[in-house]
Each structure stands twice: as structure tokens, then as C-alpha cells.
Amino acid sequence: MTDIGWGNLAQYEHYGRVGDIKEDFDIISYEDSKGELYSSFKHASHAMLFARNDTVLWDLYKSRAAIMMQMRFDGLLGFPGGLVDPGENPLDGVNRELEEEIGLDLCKHKLQNSDQVVSFVNKSKNLVLHFYGKEVTVNDFSEIEMKTLSAPDYGNETLGMIRPPLYTMGDGYRGLPAFLSNSYAGNSRQELLIGLQHFKILEQDEIEKTRR
Ligand SMILES: O=c1[nH]cnc2c1ncn2[C@H]1C[C@H](O)[C@@H](COP(=O)(O)OP(=O)(O)O)O1
Ligand SMILES: [Mn+2]
Ligand SMILES: [Mn+2]
Ligand SMILES: [Mn+2]
């Protein structure tokens, strides 16, 4: 069932095909990713903004942190961010995309190179993915989240912000495992798990528990 095919999105659609497995993405150093070897590749940069919080829901489930993800125009979950424009570097790309997609106030929350968490290359797609992460305060997170409703790309590229549940409920499925069973854009599912571990929001054994 297609509406009108891909139109002018046809040149990009192969970057976002569902079904990429994590083995399709090799980790590369940030420095290498910006070098000559990948200068002809398409680059995309996405970011995980988060705020730790120690609330416990119903005296049962630790919230741990508010993480900002989004429902995208293609029906897949992902992080705010996007394709790096020709002549742009990956960091400028992610800051521009965050301003477009969530209305991020770059005077307050501009990402720095030191916020890069991991970069990947998908050789079959000539695609390099950069993943950034930045911790903000609970108040700042709420302020950023409320501003997303008036972001330029809200309602077209970005169809709503979501906070993944970071706990596993009594049946061992509902909560984070259920969230992880959704469809994700690019390798954003893997980026979420990497981000949770990198920032010690979840310990490795807790992440293992969510693998099904
Ligand atoms: O959150 C993500 N993490 C890693 N890769 C992602 C993520 N979201 C999408 N992608 C892949 C698949 C997409 O086709 C390309 C480009 O990203 P996208 O956000 O769609 O680009 P624009 O915002 O339209 O510039 O990256
Ligand atoms: Mn874009
Ligand atoms: Mn975008
Ligand atoms: Mn995007």
C-alpha cells in the first residue's frame, strides 16, 4: 500500500530501510569518521538528551532518567538529528538538526565534540552515523521537551517526543523490553543501549535482561 511512492525522497530512502542489523554497522573512531576515507560517504548525526531522575514509580519501578526520543515521519522510533549537509561537519549537522527538530536553544545546550559517544560506518550504504549524548538538568529537560511542540519540523519530520521506560515489569517484558521491540530508524535501538550504558543509566546486567 503506497500513497505516491518515494518522490524526491527516493535519493535518501535507502538510508532508512528497516531491517538493518547491528552487524551492518561497524564502530569507527570519531577522528577516522571525519577523515578522507569517509569523506565521500553520507553522514548523519543524532543525539540523546537526557536528565537523571531518582523517582520511583508506584514504589516499584526506578525511572532512572528521562531520555528524549521521537516518533518519526516514517513511523520508526529514533533520536532527534539527521543528515549532515554537504560541506557541514557532523557536529554542526547535529546542532542544526536539533534546532530544526526539537527547537533546541543552542545558546544554552549546543553540543560539543566532547559530547560524541560513538560513530559507526555502514559500508553497504556508504553511510556514517554519529551519536552524541548530553546530560541536562531535570528542569532543562522539561523546558526542552515543552519547546519541541513549536519546533520547525514538529508535525512533519518529528511526530512527537517520547521517553523510553527504563525498567522491566513483573512479566519480564513490559517496560523497556516492550519498548525495544518497536521498529527503529538506522541503528538507533543500538545507540539507545549504548547511551544507557555509556552514561551508566543502566548497568550491563540490566541491559542484558532486556535482550529477548
Ligand atoms: O536516531 C537515529 N540514529 C541513527 N541513525 C538514524 C536515526 N534516525 C534515523 N537514522 C538513519 C536513517 C535515516 O534515513 C538517516 C538520516 O536520518 P534522518 O533523521 O531521517 O535525517 P533528516 O532528519 O531527514 O535529515 O539516518
Ligand atoms: Mn535534515
Ligand atoms: Mn531533520
Ligand atoms: Mn531526523
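Positions are given from 1 along the sequence. In what follows, every heavy atom counts, from backbone to side chain, and hydrogens, waters and symmetry copies are set aside. Whatever order the structure lists ligands and atoms in, that order sets their numbers, starting from 1.
Aromatic pair Phe141/Phe50: centroids not less than 6.0 angstrom apart.
The hydrophobic clustering, which links ILVMFWY residues whose side-chain heavy atoms are closer than 4.5 Å, places Ile162 and Phe73 apart.
Separating the OG atom in Ser119 from the CG atom in Asp26 is a distance of 12.5 Å, to the nearest 0.5 Å.
Inclusion of Pro80 in the first shell of the Mn ion (ligand 4) is not supported: no N, O or S atom falls under 2.8 Å.
Residue Lys42 qualifies as enclosed at atom NZ: its count of foreign heavy atoms under 6.0 Å is above 12.
Of all the atoms in ligand 1, the ones that sit under 4.0 Å from a non-hydrogen atom of Gly78 are 1 (O). Annotation for ligand 1: atoms under 4.0 Å from non-hydrogen atoms of Glu157 are 22 (P), 23 (O), 24 (O). Numbered from 1 in the order shown, with element, the atoms of ligand 1 that lie under 4.0 Å from a heavy atom of Ala185 read 6 (C), 7 (C), 8 (N), 9 (C). Set against the non-hydrogen atoms of Glu191, the atoms of ligand 1 under 4.0 Å away are 1 (O), 2 (C), 3 (N), 4 (C). Every atom of ligand 1 is numbered from 1 in the order shown, and the set under 4.0 Å from a heavy atom of Gly16 is 12 (C), 14 (O). Taking a cut-off of under 4.0 Å to the non-hydrogen atoms of Asn187, the atoms of ligand 1 that pass are 4 (C), 5 (N).
Sorting the N, O or S atoms of Glu97 by how far they are from the Mn ion (ligand 3) puts OE1 first. When you scan the N, O or S atoms of Glu101 for the one nearest the Mn ion (ligand 4), you land on OE2. Nearest N/O/S atom of Glu157 relative to the Mn ion (ligand 3): this is OE1.
The shortest N or O to N or O distance between Phe79 and ligand 1 is under 3.5 Å. Where the criterion is an N or O separation shorter than 3.5 Å, residue side chain and backbone included, Ala44 fails it with respect to ligand 1. Residue-to-ligand polar distances place Glu97 within reach of ligand 1: an N/O pair is separated by less than 3.5 Å.
Only side-chain heavy atoms of Arg72 come within less than 4.0 Å of ligand 1; its backbone N, CA, C and O stay farther off. Residue contacts with ligand 1 for Leu83 involve both N, CA, C or O and side-chain atoms from C-beta outward (heavy atoms, distance under 4.0 Å).
Checking Glu101, His130, Lys125 against atom 23 (O) of ligand 1, the nearest heavy atom belongs to Glu101. Counting heavy atoms only, Gly186 comes closest to atom 11 (C) of ligand 1 of the residues Gly186, Ser45, Pro80, Ser188.
Of the residues Gln116, His46, Gln112, the one that meets the side chain to side chain contact (heavy atoms under 4.5 Å, CB included) test with Tyr132 is Gln116.
Looking only at atom types and distance, the side chain of Asn139 has no donor-acceptor partner in the side chain of Thr137 under 3.5 Å away. If you check the side chains of Asn122 and Ser124, you find a donor sitting under 3.5 Å from an acceptor. Checking Tyr173 against Ser181 by side-chain atom types alone, a donor-acceptor pair falls below 3.5 Å. No hydrogens or angles considered: nothing links the side chains of Asp32 and Tyr38 as a donor-acceptor pair under 3.5 Å.
For atom 22 (P) of ligand 1, the closest non-hydrogen atom of the protein is Gly82 CA, 3.6 Å. Of the protein's non-hydrogen atoms, the one nearest atom 12 (C) of ligand 1 is Tyr15 O, 3.3 Å. Remark: minimum distance from atom 10 (N) of ligand 1 to any protein heavy atom is reached at His46 CE1, 3.6 Å.
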- Message: If you apply the rule salt bridge (Lys or Arg N to Asp or Glu O under 4.0 Å), what do you find for Lys147 with Glu143, and how did you get there?
- Response: CA-CA 6 Å; Lys147 252 195 94 190; Glu143 190 182 288; over 6 Å; no
- Item | Phe79 vs Phe131, ring-ring contact (aromatic ring centres under 6.0 Å, His included): CA-CA, chis, key distance, verdict | CA-CA 9 Å; Phe79 288 99; Phe131 181 56; 5.1 Å; yes
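In this structure, Arg72 does not pair ionically with Glu157, as no charged nitrogen and carboxylate oxygen lie closer than 4.0 Å.
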